[in-house]
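In this text, all values refer to a predicted model and were calculated from it rather than measured experimentally. Naming: A, B, ... by sequence-line order, numbering from 1 per chain.
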Amino acid sequence: MSPRPRILAVAAWIYAAALVFYPRRLRRRYGSEMRQTFDARCCDAARQGRTAVLALLARELADLAIASVGARATHHHQAHDAKYLHPQRRSQPMSALFQDIRYAARMLRRQPGFTIVAVLTLALGIGANTAVFTVVNGVLLRPLPYNDPDRLVVLLYGRPGRLTPWFSPLNYRDVIRGTPTLQDAAAFTPSTANLTGSGEPERVEGASVSWNYFSVLGVTMRGGRGFVEADSSGDAGAVVIGDGLWRRYFGGRPDAIGSTIRLDGRPRTIVGIAPPDLQLPQGAEFWKPLVFSARDLSPNSRGAQWISVVARVRPDSDVPRSNAALQAVAARLAAEYERINGGTTAAAVPLHQRMVRNVRQTLFVLLGAVSLVLLIACVNVANLLLARAQSRTREVAVRAALGAGRTRLVRQFLAESILLGLLGGTAGLVAASWCTWALVALGPASIPRLSEVAIDLRVLAFTIVIAVGTSVLFGLVPALSASGGSVARSIGSAGRGAVGPGGPYTRRALVVCEMALAVVLLVGAGLLIRSYERLQQVQPGFDPDGVVTFNLSLPDAKYPTTTEIGAFTATLVSRLQAEPGVEAAAAIFGLPFAGDFSASTSFRKPSQPDLADGPSAGMRVVTPDYFKTMRIPLVAGRLFDAHDSETSPEVVLINQRTARRYFPDEDPIGQQIRVGVRLARDARSDNKTIVGVVGDVKYGSLDAETPPEIYLPYAQQAVDEFTIAVRTAGDPLTLAPALRRNVAAIDRELPIADIAPMTAVIGASVAERRFTMLLLTAFAAVAVALAAIGIYGVLAYVVGQRTQEIGVRLAIGATPANVVTLFVREGAVLTLAGVVCGLAGALALTRALSTLLFGVTTTDPATFAAVAGALALVALVASYVPARRAARVDPVTALRSD
Amino acid sequence: MYCAKMHLMPDDPRRFLPLSPQQFHILLALTDGHRHGYGIIQDVAGRTEGAVRLGTGTLYTALARLEGLGLVDESDRRAPPAEDDDRRRYYRLTPLGRAVLTAETERLETLVRHARKKGVAATNRPALSRTR
């Protein structure tokens, strides 16, 4: 027999599994025959293709379901109608399952208060989970919206352990040529441009890309086409615009293709519109052809690393093999160009993995935290059901006496739970769609693919699974407890005080669990809050209050040489300094906390050889007043001044870190160094003299170490893309109109971008941390509220159960205060147990947070103590209320009620 | 209708009427001799030109009922060993089953006759159980 195709085996397996729902006696007699018949039908259908097989499977499963219901119905009637031989099926078969569901619906409708509370609690838990899962799904689980996205990789280059995605054009070319496992590769580099034409000039982010970029990615264009090879010749002015830009500028009209826009003063024809989910690089709104100049490809430029590479692995190869090939070719290049490439290696990382590497852990921590909230919600609903079950013991006992088996009773209660779960799930889904919208709108920009997040089939399946799963979870214990117990006892007594499964011990245990979970969440939130506080206290090395910044990018066409650039910048800075209210103004290339910026260079003393692993530092280019504007202290020597010009000897400033690290035993002032990288076009590259040392500044992020930095004077390295910083005494944003006015006075067509106070720039750098902290705090708050409700519920129940006992106590002389103490002590015992378990759990689990913390350990005693204290307080207050009510019980009524 | 059957003898085939369409087709499929489950499905599909498609679950539920009523039972004859499968059972009509089938056909013919007398004629739409 030839091997069966996989789909036939899968279909057969599914059908065999579905036969479980067929009545047992029929299954025993006909089961194997049915499977064989199904197999035969599948084989016949397989001749018409896979869809036919799947359609057959669907039909057969539906048929099986209907036949099962009908078979049960006729079996009931068969026994009853044996005398009358009534072979017809009833038109509306009422099987036990339908009965259970209708009965459950009736019971829930009869107690609307309980049902609403339970459904809302579940909706909260399920909704929050679905919302977080939607984000996890959209960012981490859904494949990228490109063709065959698993074959896309990003190439990395550099020293082992310090790989970065930056290549030089020559290295890129050589690496690609030497790696046959890659089918195709495209280079890209981020770029910004001034969009002028109709209306206000606007600065837009985009990228320069090689002509095969869109085909390597496998992008389905929204309109028009990608690039062709002809577009990358120097004169052609083609551009692809993004969906957002298309809607903003052209109102989504199809005639945008073929129209012209001016980028940096240069007219470009739109040849295509990219889909909204093309996010490489993140935030790009236009893509123009990348053209390498002769200088870019000259041997001297092998060390200038400024392009990134995305590649597609061949269908007959895979990522590990590509990695091996890349390592081999990198080793060859390292040997060939020892000075520049010495000691370097290359690697390929799947594109998706690289995009989400920073947020993976945060998202999983959030998912874990929100599942704890769901568990707490389940415990609350379980307690509600248990309380309800207690009040139905009589009904259950009667049904049991009439012949309902235990299984049937348990099934009945489970039906109620599942109905609650499904209702809660539906309400939760609605809540989740709002929450998802909020998460996407308020989420930090550092989370990639956030705009693609939406509720899809996988999210719906997830919601259904957790709705049904949690219903079984919270419904099983009450169902088992309600259907157990001795029949006679339940009917005979007043129905109160039944001890046993589902009795007060179960409820108490559940509450202790709840509180433990709430403690874990509170500890997590507390640790994150303390980390954030610590972070806020970090001194950035400058004074951000009162400083406003904005970005400028001078187009080639109008500012072709450093003379024009330098002149513009000098004029602008002096105009701004003359503005009333301005204390100081400066231009800087490399503003602190301004995102992914990184310009770094190697440097050496003139006498030392140029080594591949020599010292390196970050590079900033500043006008003389920068340090005054940012209030960065001068530690030694002097700052830049007007004498440091294009023609005077080249000077640099270094920060304290550089001084301590590379000039530990000597005075750096007066020493000479050679800097490896040239940032501006016609800059000189002679030996530079260190004239001063300035204070350390945190440039990347508050929680990172201060890197060594070198400052170059703007007059000697006039770069065409920079930030202006202005210090004012009052509110920095009030200067915004003045800033625009001054720029427009010099060049009307120049847009300014990203006007923001420096404090906001720093704030944006911690946006993700803040987001995580706020979410986790919200979860913890919900958890504490639910736990408080839980403990209140249990104590209220206990008080209710023991009303008679309270009456007796009061009657024989206990004071109300004694009664209060009695119940508060109960609450305290539960709280203590819960807190202890919770702290133990937290000690184990906070390890997951370790990379998100700053300045606190995962076992920070102060946080643990504070959480324990806070929850104890809340729990005691929650216990006090029913205890007070207990004390107000009238002994006479209590004793009389029986 | 149901009360009217009280006067029939225990073995009278008319006690089993009316048959559901599925039961009728299954009995009809077995008139030519014995068949196994899939064979019945194929026969019905072929005869009605695809208008009646029996699902496996429906088939075996109906067969169970028919066997319970004694209209159908398991046959000893099997196909030649080369084409046979151990899991297959072959079914055949009992004499009672054949009688019930005949009675049902008579009942349907009577109904049609009454309808025709009143001027209700069949249209050209393919009916659910049109024989070749």
Side-chain angles (χ1 to χ4, degrees), chain A residues 1 11-12 15-16 18-45 55-79 81-91 93, chain B residues 1-24 26-27 35-42 45-46 53-72 74 83-91 96-97 100 104:
Chain A
M1 292 237 286
Y15 193 72
L19 274 177
V20 160
F21 294 105
Y22 203 50
R24 199 181 329 151
R25 58 181 176 87
L26 289 178
R27 191 171 68 235
R28 264 192 286 195
R29 175 145 168 71
Y30 297 105
S32 64
E33 213 178 325
M34 289 171 80
R35 284 207 304 277
Q36 195 262 337
T37 307
F38 178 76
D39 277 353
R41 296 183 88 166
C42 265
C43 283
D44 280 347
L56 175 70
L57 178 65
R59 277 204 311 275
E60 284 284 274
L61 288 176
D63 175 75
L64 191 62
I66 299 175
S68 302
V69 170
R72 278 180 229 271
T74 53
H75 186 55
H76 284 296
H77 297 311
Q78 212 171 3
D81 297 338
K83 290 194 302 186
Y84 304 110
L85 295 170
H86 206 33
Q88 281 291 33
R89 271 190 314 180
R90 287 198 193 281
S91 53
Chain B
M1 278 288 278
Y2 134 87
C3 300
K5 293 198 194 123
M6 294 287 282
H7 70 281
L8 295 173
M9 301 298 285
D11 279 342
D12 194 318
R14 285 173 292 172
R15 275 186 167 272
F16 298 87
L17 306 187
L19 294 177
S20 74
Q22 289 89 354
Q23 289 169 328
F24 183 78
I26 294 174
L27 292 180
R35 282 189 198 276
H36 59 80
Y38 192 28
I40 298 176
I41 295 176
Q42 285 173 316
R53 273 192 301 196
L54 285 177
T56 311
T58 312
L59 170 72
Y60 283 96
T61 313
L63 271 178
R65 184 109 178 98
L66 292 171
E67 273 193 298
L69 291 172
L71 307 181
V72 157
E74 201 174 324
E83 307 165 358
D84 205 0
D85 189 321
D86 259 345
R87 290 179 291 173
R88 278 189 205 158
R89 279 200 202 94
Y90 287 77
Y91 300 93
L96 181 59
V100 167
E104 174 74 351

Looking at [atom1] of [X] and [atom2] of [Y], how far apart are the two atoms once the value is rounded to the nearest 0.5 Å?
X       : Y       : atom1 : atom2 : value
B:Thr56 : A:Met34 : OG1   : CE    : 6.5 Å
A:Glu33 : B:Tyr38 : CD    : OH    : 14.5 Å
A:Thr37 : B:Leu54 : OG1   : CG    : 11.5 Å
B:Arg53 : A:Arg41 : CZ    : CZ    : 8.5 Å
A:Leu19 : B:Tyr60 : CG    : OH    : 11.0 Å

request  = Kindly indicate, with the supporting measurements, whether the criterion side-chain contact (heavy atoms from CB on, under 4.5 Å) is fulfilled by B:Arg89 and A:Tyr30.
outcome  = CA-CA 9 Å; B:Arg89 279 200 202 94; A:Tyr30 297 105; 3.8 Å; yes

request  = Kindly give the heavy-atom pair with the smallest separation between A:Ala67 and B:Thr61, and that separation in Å.
outcome  = CB-OG1, 3.5 Å

request  = Considering non-hydrogen atoms only, spot the tightest contact between B:Ala64 and A:Leu26 and give its length.
outcome  = CB-CD2, 3.4 Å

query = Taking A:Tyr15, A:Tyr22, A:Phe38 one by one, which has the highest count of heavy-atom pairs under 4.5 Å against chain B?
reply = A:Tyr22

